[in-house]
Each structure stands twice: as structure tokens, then as C-alpha cells.
Amino acid sequence: MASNIARVIMRSRLLMWLIFFAYFAIFLAVDTVSHLAGGVILVVGVVVLGAIFIRVRPTSRRGSISTHCEKCEASLPSVAGFPKATCTACGHRQSWARSRP
């Protein structure tokens with residue numbers, strides 16, 4: 001049985017594909033009647049897609065992940081290619097690290 005998060009993700013993916021196919025069908029229908037109107041629909045769609053992308057892109061408002069400790073500048077050990085959140089030299093927890101639950 002799928003979790004609630006998986007259901008929401010699948011629902012949003014299906015909605016995204018439905019919107020894309022509806023837009024594409026409208027574009028094809030308008031483009032067959034008038035190439036100029038089809039071009040306008042295409043440009044408007046690209047602009048709306050860009051605006052949505054800019055609006056919903058993830059922002060962390062934090063600095064980038066560093067491989068050196070913010071306090072003592074020691075190199076952070078890495079696990080699977082990512083630096084650990086806590087420095088082994090001084091015990092400082094980095095500002096970019098998520099808080100523990």
C-alpha cells in the first residue's frame with residue numbers, strides 16, 4: 001500500500017502530464033488554423049512555464065555546502081561523497097546542516 005506522500009506525488013505527476021497534453025492539444029489545434037496564433041500560444045506557454053519554474057524552484061536561503069568547518073577550518077569527513085554535518089575536530093555543527101528531529 002502506498003503512503004500518503006507517494007499518492008500526492010503520483011497525483012501531482014498525473015496532473016502535470018494532463019496539463020501538458022491539454023496544452024499540446026490546444027497548441028496543435030490552434031497551429032493548424034493559424035501559424036501566427038500557434039506561435040503566440042507557444043511563446044505564451046514557454047513564458048508561463050519559465051515563470052512557474054522560477055516561482056516554485058527550491059530555495060534554501062543558506063550558503064552552499066562546504067567541505068571545511070565554519071569554526072576551525074578543518075576538513076570535514078565525508079560519507080558517500082557528502083561532508084558530515086558535524087566537525088570531528090571541534091564538534092561544531094555546520095549552519096547548512098538540517099536540525100535533528
Side-chain angles (χ1 to χ4, degrees):
M1 184 169 178
S3 68
N4 288 339
I5 294 171
R7 285 189 196 128
V8 168
I9 291 171
M10 289 304 294
R11 209 174 303 138
S12 66
R13 281 188 189 161
L14 290 175
L15 180 61
M16 178 195 64
W17 282 109
L18 178 66
I19 290 169
F20 173 74
F21 284 127
Y23 168 76
F24 191 67
I26 290 170
F27 165 72
L28 285 179
V30 170
D31 193 49
T32 55
V33 175
S34 168
H35 290 296
L36 180 62
V40 169
I41 295 282
L42 184 65
V43 169
V44 168
V46 169
V47 168
V48 168
L49 178 66
I52 290 172
F53 177 75
I54 289 172
R55 179 156 174 100
V56 300
R57 70 175 182 234
T59 56
S60 64
R61 302 194 198 288
R62 297 180 183 172
S64 62
I65 296 175
S66 174
T67 57
H68 291 5
C69 178
E70 296 167 343
K71 186 175 180 182
C72 69
E73 295 294 325
S75 288
L76 296 171
S78 63
V79 175
F82 293 102
K84 283 190 171 182
T86 306
C87 179
T88 55
C90 68
H92 175 71
R93 185 144 177 95
Q94 308 305 308
S95 65
W96 47 261
R98 289 192 300 179
S99 59
R100 293 183 182 157

Task: ring-ring contact (aromatic ring centres under 6.0 Å, His included) contacts in which one or both residues fall within residues 22-41, not counting sequence neighbours - done: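 Passing the test, one end in residues 22-41: no pairs.
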
- [ ] Mark yes or no for whether E73, through its side chain, and H68, through its backbone, hold a donor-acceptor pair below 3.5 Å.
- [x]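 It does not hold such a pair.
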
TODO: Answer yes or no: is there a donor N or O on one side and an acceptor on the other, between the side chain of Q94 and the main chain of T86, under 3.5 Å?
DONE: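 Between the backbone of T86 and the side chain of Q94 there is no qualifying donor-acceptor contact (under 3.5 Å).
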
Open item on the list: Quick check on the hydrophobic clustering: are L42 and V44 connected, directly or via other members, by side-chain heavy-atom contacts under 4.5 Å?
Closed with: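 Different clusters: L42 never reaches V44 through Ile, Leu, Val, Met, Phe, Trp or Tyr contacts under 4.5 Å.
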
TODO: Determine whether V40 and V30 fall in the same hydrophobic cluster, where Ile, Leu, Val, Met, Phe, Trp and Tyr are linked whenever their side-chain heavy atoms lie under 4.5 Å apart.
DONE: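 No; tracing contacts between hydrophobic side chains, which count when under 4.5 Å, never links both residues.
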
TODO: Indicate the atoms forming the closest heavy-atom contact of H92 with K71, along with that distance.
DONE: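 It is CG-CB, 3.9 Å.
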
Task: Heavy-atom closest pair, residues L76 and C69 - done: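 Heavy-atom minimum between the residues: CG-N, 3.9 Å.
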
Task: Chi angles and distances behind the side chain to side chain contact (heavy atoms under 4.5 Å, CB included) call for K84, S78 - done: CA-CA 5 Å; K84 283 190 171 182; S78 63; over 6 Å; no

Open item on the list: For the CG atom of D31 and the CD1 atom of I26, what is their distance to the nearest 0.5 Å?
Closed with: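 Result: 13.5 Å between the selected atoms.
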
